[in-house]
2 protein chains.
Amino acid sequence: MKKQRAWAADHDVGERRDAIMRGLNTVLRARGRPGALRMQDVADHLGLVKGNLYYYFRSKEELIYHAHVKCVRVSLEALERVRASRDGPAKRLRTLIVEHILAMTEGEYGAVLLEDIEQLTTAHRRKYVALRDEFENGVREIVAAGITQGEFSKQDARIAGFAILGAINWIPKWYRPGGELSARVIADRFADMFLRALRP
Amino acid sequence: MKKQRAWAADHDVGERRDAIMRGLNTVLRARGRPGALRMQDVADHLGLVKGNLYYYFRSKEELIYHAHVKCVRVSLEALERVRASRDGPAKRLRTLIVEHILAMTEGEYGAVLLEDIEQLTTAHRRKYVALRDEFENGVREIVAAGITQGEFSKQDARIAGFAILGAINWIPKWYRPGGELSARVIADRFADMFLRALRP
DNA sequence: GGCTGATTTGACCTTGAAGTCAAATCATAG
DNA sequence: CTATGATTTGACTTCAAGGTCAAATCAGCC
């Protein structure tokens with residue numbers, strides 16, 4: 001139930017929360033030396049004072065949770081788009097792989113996937129995992145459809161799904177913006193590779 | 001310079017340190033609810049008192065560092081074995097993939113790879129990364145050799161290496177001992193899949 | 001037993017980061 | 001200008017977890 005204010009309709013709380021989540025993303029991408037994420041860093045990055053963050057999010061846990069949800073929604077939207085298309089399984093999978101990689105590397109929320117979901121409350125973790133499973137099941141279904149339709153060789157769709165998503169989810173660990181390998185190139189080559197792995 | 005005691009040659013400090021690192025591994029695998037790793041948990045698991053851990057490791061950082069090194073050494077030994085063999089690139093790669101997956105899932109030190117290396121001191125991180133790169137380069141070299149010798153199709157060996165190792169390193173995130181998919185099955189199917197991805 | 005050095009103990013110290021809150025400030029309507 | 005509610009501030013509190021240490025205990029040797 002979002003309260004709307006006439007005087008700032010285009011700078012409302014939702015916008016601000018999004019900005020904070022994007023800030024979180026940047027901080028996560030940039031984190032150099034220290035191990036843990038600090039609310040202070042997020043505040044500093046945005047030119048805010050730490051206490052101010054707590055006006056928008058009840059806790060660090062909530063911030064991370066909402067960022068996770070934002071992130072998985074991006075992937076779910078890609079899944080919807082792909083399902084709405086008339087493409088066959090191979091093309092669908094390629095699109096999804098590419099979009100997922102771009103989301104991980106250049107997306108506004110992708111880096112949060114590096115945060116351990118164990119730190120979420122049980123309720124939040126369940127909600128997030130449900131969304132994530134929806135996406136992962138979508139990928140598996142595409143693989144399974146490809147096998148059924150003969151575009152892919154017969155194999156275990158679960159394993160293929162785990163391998164593809166694992167390889168992609170690991171990318172932020174080594175990807176460096178501005179490095180030798182651009183996100184686009186990584187995305188295309190990963191897609192090539194996994195489609196080769198599946199072809200009959 | 002390790003001081004040797006006549007009266008406990010087979011229960012020396014090195015053994016104890018190993019036991020603690022194995023305990024760390026178990027705790028990391030089992031960690032249910034909370035986000036972070038606590039020295040207290042490691043102590044509890046081993047039936048030790050927290051302070052006692054600090055007799056064997058100067059700090060949590062050192063414990064994690066040494067566990068990382070242990071872990072990568074296991075993989076490096078597999079690499080050496082493979083290099084010493086007369087197998088061709090495809091067979092070599094399969095062996096490495098299988099061994100690496102078994103190390104990640106059932107090995108005595110594999111779970112530590114889930115800990116962020118950013119929390120290590122710069123010096124320790126450099127040392128560890130050097131070892132890890134040695135292993136990763138080894139994998140890339142095998143891929144490259146396979147391409148040269150025509151066992152694999154022409155492609156970017158770096159990308160293939162990243163994809164293979166990323167998919168494997170992600171396994172502990174979803175693998176559950178005693179679950180539907182045994183480590184052995186996962187290892188074989190992952191190997192099948194990646195070899196299909198590389199074949200001409 | 002008594003000595004010596006290794007190991008264990010648990011109470012205590014310290015720190016860093018999460019989170020709180022009352023007061024100050026700001027934006028807009030009237 | 002003033003009233004009102006939204007937002008911002010920064011000093012403060014809390015607390016968990018890492019880490020310390022002097023004293024107690026243990027193992028083997030003489």
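First the proteins, then the strands, lettered A, B, ... as listed; each starts at 1.
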Discussion item. Whole angstroms only, please: what is the CG-C1' distance between B:L53 and C:dT9?
Written reply: 12 Å
Worksheet item: Can you tell me how far C1' of D:dT8 sits from CG of A:L46, to the nearest Å?
Response: 14 Å
Practice prompt. Between D:dT8, D:dG10, D:dG19, spot the one nearest the side chain of B:K60, thanks.
Written response: D:dG19
Worksheet entry | Rounded distance (Å) that lies between atom P of D:dG18 and atom CG of B:D41 | 8 Å
Discussion item. Judged by each residue's nearest nucleotide on DNA chain C, which is more toward the 5′ side, A:N52 or A:M39?
Written reply: A:M39
Discussion item. Using whole Å, what does the distance between atom C1' of nucleotide C:dC21 and atom NZ of A:K50 come to?
Written reply: 13 Å
Discussion item. Taking salt bridge (charged side-chain N to carboxylate O under 4.0 Å, His left out) as the criterion, tell me which of B:R81, B:R94, B:R92 meets it with B:E99.
Written reply: B:R81
Discussion item. What is the distance, to the nearest angstrom, from the OH atom on B:Y54 to the C1' atom on C:dT9?
Written reply: 15 Å
Worksheet item: If you look at every strand shown and take non-hydrogen atoms under 4.0 Å, does A:Y56 touch a base, only sugar-phosphate, or nothing?
Response: sugar-phosphate
Worksheet item: Nearest-Å distance, CD (A:E62) to C1' (C:dA18)?
Response: 14 Å
Worksheet item: Between A:K70 and A:D18, is the closest basic N to carboxylate O distance under 4.0 Å?
Response: yes
Worksheet item: Checking all strands, does A:L37 fall into the base, sugar-phosphate, or nothing category for heavy-atom contacts under 4.0 angstrom?
Response: sugar-phosphate
Worksheet entry | Length of the CG-C1' vector between A:D44 and C:dA17, whole Å | 13 Å
Practice prompt. Specify whether A:H68 and A:Y128 have parallel, tilted or perpendicular ring planes, treating 30° as the upper limit for parallel and 60° as the lower limit for perpendicular.
Written response: perpendicular
Worksheet item: For C:dG19, does OP1 or OP2 lie under 4.0 Å from any side-chain N or O of A:R38?
Response: no
Discussion item. Rounded to whole Å, please give me the gap between CD in B:Q119 and P in C:dA17.
Written reply: 13 Å
Worksheet item: Which word best sums up how the rings of B:F57 and B:H66 line up, parallel for under 30°, tilted for 30 to 60°, or perpendicular for over 60°?
Response: tilted
Fill in: Distance below 4.0 Å between A:R17 side-chain N/O and D:dT7 OP1 or OP2
no
Discussion item. On the nucleotide C:dT8, are OP1 or OP2 found under 4.0 Å from the side-chain N or O atoms that B:Y55 carries?
Written reply: no
Worksheet item: Quick one: does NZ or CZ of A:R140 land under 6.0 Å from the six-membered ring centre of A:F162, within 45 degrees of the ring axis?
Response: yes
